[in-house]
Amino acid sequence: MIDFIDKKFTDLLLEKGLITPDQLTQAVERAEQNREPLDKVLVDMRACPKDEIMWARAEEIGKIYVDLTNRKIDQEIADIVPEVVARRHKLICIGRVDKKVTLAMADPTDIFALDDVRMRTGYSPEPVLSFIDDVEHALDHIYAGDSQWQSIVGDAEDEINVVKDQEEIPDEVIVDAPVVRLADLIITQAISQKASDIHIEPFEREVVVRYRIDGVLRTVMNPPKAIQPALISRFKIMANLNIAERRIPQDGRIQINIKRDRYDLRVSVLPCLYGESVVMRILDRKSVMVELDRLGFHPDLLETWKKLIALPNGVLLVTGPTGSGKSTTLYASLNAINDAETKIVTIEDPVEYNIHGINQVQVHPKVGLTFAAGLRSFLRQDPDVMMVGEIRDQETALIAVQSALTGHLVLSTLHTNDSVASITRLIDMGTEPFLLASSVQGIMAQRLVRTVCSQCKRSVKVIPAIAAKFKEYNIPADTLRLQRGEGCDICAGSGYKGRAGIHELFAMTDEMRRLILERAPSADLKKQALSQGLRTLYHDGLIKVAQGITTLEEVLRVAVD
């Protein structure tokens, strides 16, 4: 078991000046809350470079640090330690000399793990320190590579061919052991690669399995067309759906435990021309249980947003397309104001994450529990803060506005391209301008951009045409050094790893209220917002490009100049 907090390690970090006391306090709290090693938390926080943290950890325990990022691991050497042992203790065999093996371990001081390896293999283990995420990535690469895909797919195809030779395939027969293993592998691989969605798409002559990783779809395999019915049926069984019904869309949910973490998968099945398409949204509790400070807000924007969510009443909206991080921002905002003195209720479709201390309601239109109906009931629950998953119609918008006018803080989402356009959208829904002017306090638009991979990033020269773009927004370009990822095993050759938000926050002013009351067009509202200091999505994206967080291509992918 890895020690989560080691006093010697924390003292060494402070002594070397690698982190500040405030960063240490925040990291320790998160490590204890999530039961994660402190070095992993510090790396995830980007408190300082990974190698510096790991070398400090190695110095503290008296071991050598080995970076597995770009290290080629021999399959035969790795197989000396059984996979079940390697995954249980988070270690991987990277070398062998005579009767000694070198083990890259997340915790080289784990004597139980060393004894287990010694008893299982007969070799004498020599432990070295490696970063826990790198160890797990290496394990997934070694033990769940293309060979495993091909082996399971081959077994499933053989089983189905045998059944085909005998008789017509009933659903209960085709969902056999190889297909079960294939379905499990599709899910576990997606989670290990930190995918947000799994797509199983049927076409005329093939089936395509794709993962959405950092907002971009990647094809991971093409199983034979013959196993399509069995594979789809397996996912439908896992989601408690009707496997005999193939004519109408179905929605369900899968709960799965992997590496002591629980994941919820929101499943959508859609009948298509060549079979049923399955999309599974992976809901990871840890991905949204984050602090506002870690969402990539510009400091002045973060300060403004914190003031807005501390208001006693009003409407706050977060806008953007599906998958732009709206739910994460809302959950982080609710966490920031969640205390024993505040009554918070939410109505969502669906309830993605259960948060302690917050009363959450799942919509159920078939029995009349819609967003509007839930909001009306909320008012009799004496809440201080209400969160509505999405404003979709005039009735929900009207009740949300009226709730704000009667002394409640209402948070919700809306699908618009930018912050100011939300006003026009609400008016088009039928909400009276005088109600919006009185209730709306702030609107934030956001997008997610992929961040440059920290392992393979390099500086690139800025050409004059690009420098001119930054100068237009008063961003110093003389000493600008942009970052770009060259592509490595960690980022699967993409040059990107992880995502960060870019934001556009529009706060209500008296002049904006006047324009809204006059039903001014969206262009005039935008002009006024810019004159009072609105930083657009594109502008905020350029700032993050200048900071080396992302690239200009990524910003242009999600925002326009």
Side-chain angles (χ1 to χ4, degrees), residues 46 48-52 69-70 213-218 294-304 319-321 323-325 416-421 444-506 522-561:
R46 298 182 180 179
C48 72
K50 179 184 74 174
D51 286 352
E52 294 187 22
T69 303
N70 295 310
I213 301 174
D214 294 336
V216 177
L217 283 171
R218 299 180 189 173
R294 298 183 57 243
L295 294 182
F297 288 113
H298 193 278
D300 60 353
L301 186 148
L302 176 61
E303 183 180 356
T304 302
T319 77
S324 59
T416 57
N417 290 327
D418 59 46
S419 58
V420 179
M444 180 163 60
Q446 70 176 61
R447 301 290 189 276
L448 292 177
V449 293
R450 292 180 292 173
T451 55
V452 178
C453 176
S454 60
Q455 300 300 322
C456 62
K457 68 179 179 181
R458 61 179 177 85
S459 296
V460 295
K461 188 177 180 180
V462 183
I463 62 175
I466 298 297
K469 284 286 185 184
F470 289 90
K471 289 180 180 178
E472 288 178 17
Y473 288 87
N474 297 318
I475 300 174
D478 298 335
T479 58
L480 197 62
R481 297 298 295 177
L482 305 185
Q483 301 290 324
R484 184 178 301 278
E486 293 183 321
C488 63
D489 289 342
I490 294 297
C491 62
S494 68
Y496 298 98
K497 186 67 176 176
R499 289 192 288 177
I502 59 174
H503 307 88
E504 172 184 305
L505 179 57
F506 151 62
S522 184
D524 290 349
L525 294 175
K526 186 68 172 284
K527 183 178 179 181
Q528 174 59 33
L530 290 170
S531 70
Q532 65 187 40
L534 176 73
R535 184 185 299 112
T536 64
L537 287 167
Y538 181 76
H539 186 179
D540 195 48
L542 287 184
I543 293 174
K544 288 180 170 58
V545 173
Q547 294 171 342
I549 296 173
T550 188
T551 64
L552 185 58
E553 292 84 355
E554 265 300 287
V555 174
L556 291 172
R557 184 176 65 86
V558 299
V560 294
D561 189 355

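All values reported here derive from a predicted model rather than from experimental measurement.
Gln446 places a side-chain N or O within donor-acceptor distance of the main-chain N or O of Gly325, the cut-off being under 3.5 Å. A donor-acceptor contact shorter than 3.5 Å links the side chain of Glu504 to the backbone of Ser419. For the pair Thr451 (side chain) and Gly498 (backbone), a donor-acceptor distance under 3.5 Å is present.
Within the 4.5 Å cutoff, no side-chain heavy atoms of Val216 are placed close to those of Ser494. Counting heavy atoms from C-beta outward, Leu537 and Val558 have side chains that stay 4.5 Å or more apart. No side-chain heavy atom of Ile502 sits under 4.5 Å from any side-chain heavy atom of Tyr538. Side-chain contact between Arg447 and Pro321 is present, with heavy atoms from C-beta onward closer than 4.5 Å. Residues Leu530 and Thr536 are in side-chain contact: their nearest non-hydrogen atoms beyond the backbone lie under 4.5 Å apart. No side-chain heavy atom of Leu482 sits less than 4.5 Å from a side-chain heavy atom of Leu552. Proximity of Ile543 to Tyr473: side-chain heavy atoms (C-beta onward) are nowhere separated by under 4.5 Å. Between Phe506 and Asp418, every side-chain heavy-atom pair lies at or beyond the 4.5 Å cut-off.
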Point to revise | side chain to side chain contact (heavy atoms under 4.5 Å, CB included) assessment of Leu505 paired with His298 | key: CA-CA 10 Å; Leu505 179 57; His298 193 278; over 6 Å; no
Check your understanding: Do Val420 and Leu534 pass the side chain to side chain contact (heavy atoms under 4.5 Å, CB included) test, and can you show the C-alpha distance, the side-chain angles, and the key distance before you say yes or no?
Key -> CA-CA 10 Å; Val420 179; Leu534 176 73; 4.3 Å; yes
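Residue pairs meeting the salt bridge (charged side-chain N to carboxylate O under 4.0 Å, His left out) criterion with at least one member in residues 527-547, sequence neighbours excluded, are Asp300-Arg535, Asp540-Lys544. Judged as a salt bridge (charged side-chain N to carboxylate O under 4.0 Å, His left out), not a single pair has a partner in residues 494-503 (not counting sequence neighbours).
Here OG1 of Thr551 is found 9.0 Å from CZ of Arg557. Values are rounded to the nearest 0.5 Å. Distance NZ/Lys457 to OH/Tyr496: 13.5 Å, rounded to 0.5 Å.
The minimum heavy-atom distance linking Cys456 with Gly487 is given by the pair SG-N, 3.2 Å. Of all the heavy atoms in Leu295 and His503, the pair that sits closest is O-CE1, 3.6 Å. A pairwise comparison of heavy atoms in Glu554 and Arg450 identifies OE1-N, 2.7 Å as the closest pair. Shown here for Ile549 and Ala500, the closest heavy-atom pair between the two residues is CG2-CB, 4.2 Å.
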